[in-house]
2 protein chains.
Amino acid sequence: MNKDGDTEDRIFEAAQAAFHEHGFDGARMADIARRASINQSMLHYYFRTKEQLFDAVFRKAILAVLPPAIAILGEDGPLLAKLERFAHRYVGILQANPHIPAFILFELRRNPEAIGRLAGETAGPVFARFRGDVERAVREGDIRPIEPSHLLANVVGLCVFPFVARPMLQGGLGMGNEAYDGLLRTRADHVADFLRHALRP
Amino acid sequence: MNKDGDTEDRIFEAAQAAFHEHGFDGARMADIARRASINQSMLHYYFRTKEQLFDAVFRKAILAVLPPAIAILGEDGPLLAKLERFAHRYVGILQANPHIPAFILFELRRNPEAIGRLAGETAGPVFARFRGDVERAVREGDIRPIEPSHLLANVVGLCVFPFVARPMLQGGLGMGNEAYDGLLRTRADHVADFLRHALRP
DNA sequence: GAATTATTCAACCAATCAGTTGAATTATGC
DNA sequence: GCATAATTCAACTGATTGGTTGAATAATTC
């Protein structure tokens, strides 16, 4: 018998890999069981249903990327410095979890309403604060005039996009895995620099 | 009997809607048949298999967004002007086909190798040319020094991201559909402006 | 050591799925 | 009008799927 949660962890890891790769609809319980080297009924013993197993995996993914974004954007200090910190820390988080952005975008299509609501509840206040920060920075002449919502989309998108679009960008640029990994390693610096130039008055 | 391709078109439109919404794995042939108001066996009569039906839908989606990107980036002229043209025309294409970017990113996960290869074969030459254009523009002092691969990811990502991440951005920004549609309507101008500022020497 | 609880298992199940079958209906060509 | 081809249909099929069942095994408690 297992008494230290090892089987549950194994199931979770296998499910995470399968759901990240295939999404909810494409992942198969039989495949997850095989990956975890268990009998399939044990998935149900530990997690009851496919839906609940998926929820556990999704929750972990969201917790990996949403609270840090909120925390960083909610910090005090000059806007430009904050955006640079965001780029460095957020790209770092994405590099540690390269499959999560696409996984979440994948889930966005399956469940746009629920995730929109979740985003509103969790990130809404800090996004609103971001708007205020941008407006103040413009007023004080720290940055040139810019629409805050567009800027927010830019900041997040510049960090996220090279991860979600990797196969297409990598193929189009004729890069191997090492070269593209190298590009991702310089991504944070590039984004910070790009934003600095884009926003200077 | 149908002699003007009406049934085939109806099937295709229904399949497009279903595949855009649910992806390959989540879409159901019975649902597509219901949407097209036909008997399910007719899907097979016209398109043989689910895979072939999906391929037809995917091909149309790719043809809507990849050749225009290649054409615009392959044009002659100063780089900055070209990037502005790209932003305006590409965002316009995305606005006419708002579901396609996410659909393609969705498919990227299912089939990274095939799409990476397709991107390399079709967009590879024009991306390589883009690299040359950037390097020349830097040399001639038209733009500040910048890594061409990063810039390419930025240009495409700034156009695409607000479409693929819509539910999350919209929810986080506390916007209704009309407000977000309004934001997307100004997106092309914003991207062009943002790039101009980001790249000026 | 016995009773209870937790874990694991193989076999099984009903529902769903993509696809097939063969007949009926409709259209076309002579 | 008949023969042929194209289209459409309802019923059917085997495989797959997520989940259940009940027994066996292992661990824990007293």
Side-chain angles (χ1 to χ4, degrees), chain A residues 1-61 99 103 106-107 109-111 114-115, chain B residues 1-61 99 103 106-107 109-111 114-115:
Chain A
M1 190 200 66
N2 170 66
K3 66 189 258 190
D4 58 6
D6 188 50
T7 303
E8 186 169 334
D9 290 342
R10 266 193 296 131
I11 293 173
F12 184 91
E13 296 302 322
Q16 186 170 253
F19 285 132
H20 280 190
E21 191 177 331
H22 299 293
F24 179 81
D25 293 316
R28 294 291 173 258
M29 295 296 259
D31 180 53
I32 293 167
R34 187 189 49 77
R35 289 179 190 221
S37 304
I38 54 157
N39 179 281
Q40 188 184 322
S41 61
M42 289 168 67
L43 297 179
H44 303 285
Y45 177 77
Y46 281 93
F47 289 93
R48 288 289 313 282
T49 62
K50 184 178 184 180
E51 188 80 40
Q52 286 182 36
L53 183 55
F54 183 84
D55 282 349
V57 169
F58 183 74
R59 209 171 302 127
K60 185 181 171 192
H99 294 109
F103 175 62
F106 197 109
E107 185 61 10
R109 295 170 49 86
R110 231 176 51 95
N111 229 340
I115 303 190
Chain B
M1 189 199 67
N2 170 64
K3 65 188 261 190
D4 58 4
D6 188 51
T7 302
E8 185 169 335
D9 290 343
R10 267 194 294 130
I11 294 173
F12 184 91
E13 295 302 322
Q16 185 169 256
F19 285 133
H20 280 189
E21 193 178 328
H22 300 292
F24 179 81
D25 293 314
R28 295 290 174 259
M29 295 296 258
D31 180 54
I32 293 167
R34 187 188 50 74
R35 291 182 189 218
S37 305
I38 54 157
N39 178 281
Q40 188 185 321
S41 60
M42 290 169 66
L43 298 177
H44 304 283
Y45 177 78
Y46 280 93
F47 289 92
R48 287 291 311 285
T49 62
K50 186 179 183 181
E51 187 82 40
Q52 286 183 38
L53 183 55
F54 184 84
D55 281 349
V57 169
F58 183 74
R59 208 171 303 128
K60 186 182 169 190
H99 294 109
F103 175 62
F106 197 109
E107 185 61 11
R109 296 169 49 86
R110 233 177 48 97
N111 228 341
I115 303 191

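A, B, ... follow the sequence lines: proteins, then strands. Residue 1 opens every chain.
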**Fill in**
In whole angstroms, the gap separating P of C/dT8 from CZ of A/Arg34 amounts to 19 Å
**Message:** Tell me the interatomic distance from B/Met42, atom CE, to C/dA23, atom P, rounded to whole angstroms.
**Reply:** 19 Å
**Request:** Provide, to the nearest angstrom, the distance between the CD1 atom belonging to A/Ile38 and the C1' atom belonging to D/dA26.
**Result:** 17 Å
**Asked** Can you check whether B/His44's main-chain N or O pairs, donor with acceptor, with B/Lys50's side chain at less than 3.5 Å?
**Response** no
**Request:** Please report, rounded to the nearest Å, how far the C1' atom of D/dA6 is from the CD atom of B/Glu8.
**Result:** 13 Å
**Fill in**
Exactly one of A/Phe24, A/Phe19, A/Phe103 clears side-chain contact (heavy atoms from CB on, under 4.5 Å) with A/Phe58, and that residue is A/Phe103
**Item:** Whole angstrom value for the distance that separates C1' of D/dT7 from CZ of B/Phe47
**Value:** 15 Å
**Message:** Measuring to OP1 and OP2 of D/dT7, would you say a side-chain N or O of B/Thr7 lies under 4.0 angstrom away?
**Reply:** no
**Message:** Tell me which nucleotide, if any, is Watson-Crick or G-U wobble paired with D/dT16 when both distances must be under 3.5 Å.
**Reply:** C/dA15
**Request:** Under the salt bridge (Lys or Arg N to Asp or Glu O under 4.0 Å) rule, collect the residues that match up with A/Arg35, sequence neighbours excluded.
**Result:** A/Glu21, A/Asp31
**Prompt:** What string of B, S and - do you get for nucleotides 14-20 of chain C, 5' to 3', if B is base contact, S is sugar-phosphate-only contact and - is no contact with any protein heavy atom under 4.0 Å?
**Reply:** ---SBBB
**Asked** Within a radius of less than 6.0 Å around NE2 of B/His99, do more than 12 heavy atoms belonging to other residues, nucleotides or ligands occur?
**Response** no
**Request:** Mark yes or no: A/Arg110 above the aromatic ring of A/Phe54, with NZ or CZ under 6.0 Å from the six-membered ring centre and no more than 45 degrees from the axis.
**Result:** yes
**Prompt:** OP1, OP2 of D/dC9 versus side-chain N and O of B/Tyr45: anything below 4.0 Å?
**Reply:** no
**Request:** Grab the CG-P distance between B/Leu43 and D/dA10 for me, whole Å please.
**Result:** 14 Å
**Request:** Could you state the atom-to-atom distance from CG of B/Asp9 to P of D/dT7 in whole Å?
**Result:** 13 Å
**Complete:** Across all chains, not counting sequence neighbours, the side-chain hydrogen bond (donor to acceptor under 3.5 Å, both in side chains) partners of B/Thr49 are none
